[in-house]
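What follows is a set of notes on a single structure, which appears directly below.
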Amino acid sequence: MTRFRSDFLRILDERGFIHQCTDAEALDALAAAAPITAYIGFDCTADSLHVGSLVPIMLLRWLQRTGHRPIVLMGGGTTKVGDPSGKDESRQLLSDGQIAANMAGIRGIFSKFLDFGDGAAAAVMANNADWLDELRYIRFLREVGRHFTINRMLSFDSVKLRLEREQPLTFLEFNYMILQAYDFLELGRRHGCCLQMGGSDQWGNIVNGAELGRRIDQRALYGLTTPLITTASGAKMGKTAAGAVWLNAERLGAYDYWQYWRNTEDGDVGRFLRLFTELPLDEIRRLEALGGAELNDAKKILANEATRLCHGPEAAAEAAETARRTFEDGAAADGLPTIELPRGVLAAGIAVIDLLSTAGLAASKGEARRLIRGGGARLNDRPVDTETATATERDLGGGDTLKLSAGKKRHALIRVI
């Protein structure tokens, strides 16, 4: 028997999204009785989000799918301060121009996951610079700052971590939790927002906001956090040896995105299907029960579904077909990551270790050498036997493309121009 009556919290609970909730029973009753409005904030520290942001994005998607209204809060104001949560040192301060450019890059991601139409549950995109940039300092301290004690602020993990390690925490960053709390109050006033969601590292900030709303406006606000998502081997979600797994196609193509999910560890398949796809739970239970080589079929379904949500059905189908042709048919499919090389460079001969690092299949020349020594490097599907091996025009075989491989699953094309 489910512990929740509302579709929203029941689905989140069944799929493993819920870590903490300020008053789960009251929030459940509210969501079961009528549509609610909830938000998640995203600071603009880069021009794309990565898969570490997928859990909150999926939270907003499920919120909307169950009839409620999501708010995507762009941190145009808070990015100027920098969230100290989980950070050992201060974030680099960005200019207004950089923040605006990053915000523009991030905005497009949400249109793939949420509906920003005209309906009652249509998503809203807000920017906290609209109110934070207009604050009058003394008035803000008197009206909002008096509700925060230094004693309690010093108890939060984001502050304690820095102080315990004797690392500087600027007064600018120290204000972040107050500004985030004020965001919640402001969204309650402007949009009737009653719920803030976020990762478990945001629990203290979210509770601050809920308490601020109660003290200033006698407003009932709620908070919900998700668990920290790590892989079965303990790695942080969204990071790979090659770098972050970005959600923007300009940063990471659909094929590489598909491959990231296809390479999911066996122990993560069921959990990731629940969190990052919308497949029915009965189907997920069937897929995670598969063993041996059949589990690879479940990983392909995970890759197809996750890529469909982020890049669209056509890009997902193309990525899956590229992978099939590459791995099952041995073809040098056109959808593989491609770099261009001047013909004159190939005419003179270029070291394979240089090609491996240039194509992103090895992080350094040293790693490329280790890959060759371990028998994992191939040129046109032929093993590269020596660290001094070079690629020349002869390897083109009359064409204009070389296929470079690192192991069985990572490939790139070298197109001669």
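FYI, side chains are in, hydrogens and waters are out, and symmetry mates aren't considered; it's all heavy atoms of this structure. Predicted, not measured: the structure shown is a model, and the values here were computed from it.
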### Message
Less than 4.5 Å apart, side chain to side chain, heavy atoms only: is that true for Met177 and Val159?
### Response
yes
### Message
Can a donor-acceptor pair be found, under 3.5 Å and without considering hydrogens, that links the side chain of Thr277 to the backbone of Leu279?
### Response
yes
### Interatomic spacing from CG in Leu221 to CD1 in Ile206 - rounded to 0.5 Å
11.5 Å
### Message
For His19 and Thr226, which I'm curious about, is there any donor-acceptor pair between the side chains at under 3.5 Å?
### Response
no
### Exam field: side chain Asn248 to backbone Ile109, donor-acceptor pair closer than 3.5 Å
no
### Query
Are any side-chain N or O atoms of Arg274 and backbone N or O atoms of Gly270, one a donor and one an acceptor, separated by less than 3.5 Å?
yes
### Query
Can you tell me if CD on Gln218 sees more than 12 non-hydrogen neighbours from other groups inside 6.0 Å?
yes
### Task
Just do the side-chain contact (heavy atoms from CB on, under 4.5 Å) check on Val124 and Arg69 with the steps written out, would you?
CA-CA 8 Å; Val124 173; Arg69 183 171 62 153; 4.0 Å; yes
### Query
Among Leu356, Leu379, Leu371, Leu355, whose side-chain contact (heavy atoms from CB on, under 4.5 Å) with Val384 holds?
Leu379
### Task
State plainly whether the residues Glu278 and Arg65 are in salt-bridge range, i.e. N to O under 4.0 Å.
yes
### Neighbour count above 12 (heavy atom, 6.0 Å) for Glu265 CD
yes
## Note on the structure
Sequence neighbours excluded, the answer for side-chain hydrogen bond (donor to acceptor under 3.5 Å, both in side chains) partners of Asp130 is none
### Salt-bridge contact Arg10-Asp7 (side-chain N to carboxylate O under 4.0 Å)
yes
### Message
Once you measure the plane-to-plane angle for Phe276 and Trp261, does it fall in the parallel (<30°), tilted (30-60°) or perpendicular (>60°) bin?
### Response
tilted
### Query
With Leu275, which residues qualify under side chain to side chain contact (heavy atoms under 4.5 Å, CB included), at least two apart?
Phe17, Ile229, Arg271
### Summary
Between Asp282 and Arg285 the two heavy atoms that sit nearest each other are OD1-NH2, 2.5 Å
### Query
Does a side-chain heavy-atom distance below 4.5 Å link Gln196 with Ile40?
no
#### Entry: N/O donor-acceptor pair under 3.5 Å between His50 side chain and Gly52 backbone
yes
### Full working for side-chain contact (heavy atoms from CB on, under 4.5 Å) between Ser48 and Ile106
CA-CA 5 Å; Ser48 174; Ile106 292 172; 5.7 Å; no
### Task
Please answer whether the main-chain N or O of Cys44 pairs with a side-chain N or O of Thr79 as donor and acceptor at a distance below 3.5 Å.
yes
### Query
Do Leu141 and Arg146 come within less than 4.5 Å of each other through their side chains, counting heavy atoms only?
no
### Message
For the backbone of Asp354 and the side chain of Ser357, can you confirm whether one donor and one acceptor N or O come within less than 3.5 Å of each other?
### Response
yes
### Query
With side chains defined as the heavy atoms from C-beta onward, is the minimum distance between Leu361 and His411 less than 4.5 Å?
no
### Task
Could you go through the side-chain contact (heavy atoms from CB on, under 4.5 Å) check for Leu30 and Tyr222 one step at a time?
CA-CA 11 Å; Leu30 196 64; Tyr222 303 89; 3.8 Å; yes
### Query
Is there a donor in the side chain of Thr231 and an acceptor in the side chain of Asp268, or the other way round, less than 3.5 Å apart?
no
### Message
Quick check: do Ile284 and Val269 have side-chain heavy atoms less than 4.5 Å from each other?
### Response
no
### Message
Under the criterion ring-ring contact (aromatic ring centres under 6.0 Å, His included), I'd like the reasoning laid out for Phe110 against Phe116: C-alpha separation, chi angles, the key distance, then a yes or no.
### Response
CA-CA 9 Å; Phe110 292 98; Phe116 288 88; 7.4 Å; no
### Task
Locate the shortest heavy-atom distance separating Pro227 from Ser200; write the atom from each residue and the value.
C-OG, 4.3 Å
### Message
Within the 3.5 Å criterion, strictly below it, is a donor on Tyr176 or Asp43 matched to an acceptor on the partner's side chain?
### Response
yes
### Query
Step by step, would you call Gln180 with Gln202 a side chain to side chain donor-acceptor pair (under 3.5 Å)?
CA-CA 10 Å; Gln180 183 171 331; Gln202 295 296 317; 3.2 Å; yes
### Query
Any sub-3.5 Å donor-acceptor pair from Gln64's side-chain atoms to Ala121's backbone N or O?
yes
## Note on the structure
Between Trp62 and Thr66, the two heavy atoms sitting closest are O-OG1, 2.8 Å
### Message
As a quick check of understanding, evaluate salt bridge (Lys or Arg N to Asp or Glu O under 4.0 Å) for Arg251 and Asp47, giving each step before the final call.
### Response
CA-CA 9 Å; Arg251 283 276 201 135; Asp47 62 2; 2.8 Å; yes
### Query
Under a 4.0 Å N-O cut-off, is there an ion pair linking Lys299 with Asp266?
yes
### Query
Going through the checks in order, is the side-chain contact (heavy atoms from CB on, under 4.5 Å) test met by Met74 and Val72?
CA-CA 6 Å; Met74 293 282 97; Val72 178; 3.7 Å; yes
### Task
Please tell me if the side chains of Cys310 and Tyr257 come closer than 4.5 Å, counting only heavy atoms from C-beta onward.
yes
### Query
Between Glu211 and Arg214, does at least one N-O distance fall below 4.0 Å, as a salt bridge requires?
no
#### Entry: Residues Trp131 and Asp183: side-chain donor-acceptor under 3.5 angstrom
yes
